[in-house]
Amino acid sequence: MRAVAALLALALGACAANQSPRDPYQRILSSAPGAAQPSRIYAREIAMLREAREQGEAAARLDFAAPSAQLLTAAGAQAAATALPSTTAGVSPWAPGLIWMSCDSRLAVSQGRYETPEGQVGSYVTSWQRERDGTYRWLHTASVLDDPQPVRTPAETPDDPNAIVVPGIPSIDGRVTDCTRPESGAPARHIDLQEMRSPDGTLSWRWGYEGSTRLLRVYAFTEGAWRRVIDERWPAPQG
């Protein structure tokens, strides 16, 4: 199991206005042509994390949310404005490991890892929409804790008590769909999933439920074909 040590320090440093061109995360994510820059989603996620450290997680998430933003919980979809707790025991740091963006830059989905204040780790998926003013705001987010939780080795425990280790993020991968409009839409939905598609028709974000199981899928038109690039099936926690 690979890990990223001192994740919070790295994430907050990446928010600096004068980011070093040597930063491998910025260099990799800013390589896409045109307006579609996955680095903008990375920057928004980390900016939200920094605000969470300063203002509280619920306040920060609401500040970055679209008006119709929802939490996709095991109990069902809930409006972020009412579902986010007003107070929390601490911040759950997170970082994206994969970002997919449509060629027209209007829709993006990020997938990553997070850590609770109690030290448990898990995965999350968040969809993002570009507003008219060019700002990205999140539309849906879902998260699940690892079950079972990974066992940390001494090598994965940082010396700095303020450092954070989130297993499972060896790098950040920013992807952009093809810029050729597909002749047909994404593959048919065989189960009842809601769908949001980018205006250029190159990225399809789908979510839904089978009982309390959350289904989260992303289809991207890439290399001349539709491909399922994110496929999560998260059951409700047991016990």
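- No single ILVMFWY cluster, assembled from side-chain heavy atoms under 4.5 Å apart, contains both Tyr136 and Leu98.
- With a 4.5 Å cut-off on side-chain heavy atoms, Thr177 and Met101 do not count as touching.
- In this structure, CD on Gln111 lies 4.5 Å from CD1 on Ile230, to the nearest 0.5 angstrom.
- At least one side-chain heavy atom of Thr213 sits under 4.5 Å from a side-chain heavy atom of Arg233.
- One finds no salt bridge joining Arg53 and Glu51 here, because no Lys/Arg side-chain nitrogen approaches an Asp/Glu carboxylate oxygen to under 4.0 Å.
- Hydrophobic clustering (ILVMFWY, side-chain heavy atoms < 4.5 Å, transitive): Trp100 and Trp94 are in distinct clusters.
- Side-chain polar atoms of Thr222 and Arg227 form no donor-acceptor pair below 3.5 angstrom.
- Open room surrounds CD on Glu183; 12 or fewer heavy atoms of other groups in view lie less than 6.0 Å from it.
- Donor-acceptor pairing under 3.5 Å is recorded for the side chains of Tyr124 and Glu45.
- Without hydrogens or angle criteria, Arg130 side chain to Gly134 main chain gives no donor-acceptor distance under 3.5 Å.
- The stretch residues 61-71 participates, sequence neighbours left out, in these salt bridge (Lys or Arg N to Asp or Glu O under 4.0 Å) pairs: Glu57-Arg61.
- No side-chain donor-acceptor contact under 3.5 Å links Arg206 to the backbone of Arg217.
- Remark: Arg137 pairs with no residue by the side chain to side chain donor-acceptor pair (under 3.5 Å) rule, at least two apart or across chains.
- A donor-acceptor pair shorter than 3.5 Å cannot be found between the side chains of Thr180 and Asp178.
- Rounding to the nearest 0.5 Å places CG of Leu139 at 5.0 Å from CE of Met196.
- Residues Ser123 and Trp234 form a side-chain contact, since some pair of their non-hydrogen atoms from C-beta on lies under 4.5 Å apart.
- Proximity of His140 to Thr126: side-chain heavy atoms (C-beta onward) are nowhere separated by under 4.5 Å.
- Contact annotation: the side chain of Asp200 never approaches that of Arg106 to less than 4.5 Å [non-hydrogen atoms, C-beta and beyond].
- In terms of the side chain to side chain donor-acceptor pair (under 3.5 Å) criterion, residue partners of Thr73 (sequence neighbours excluded) are, by chain and number, Gln78.
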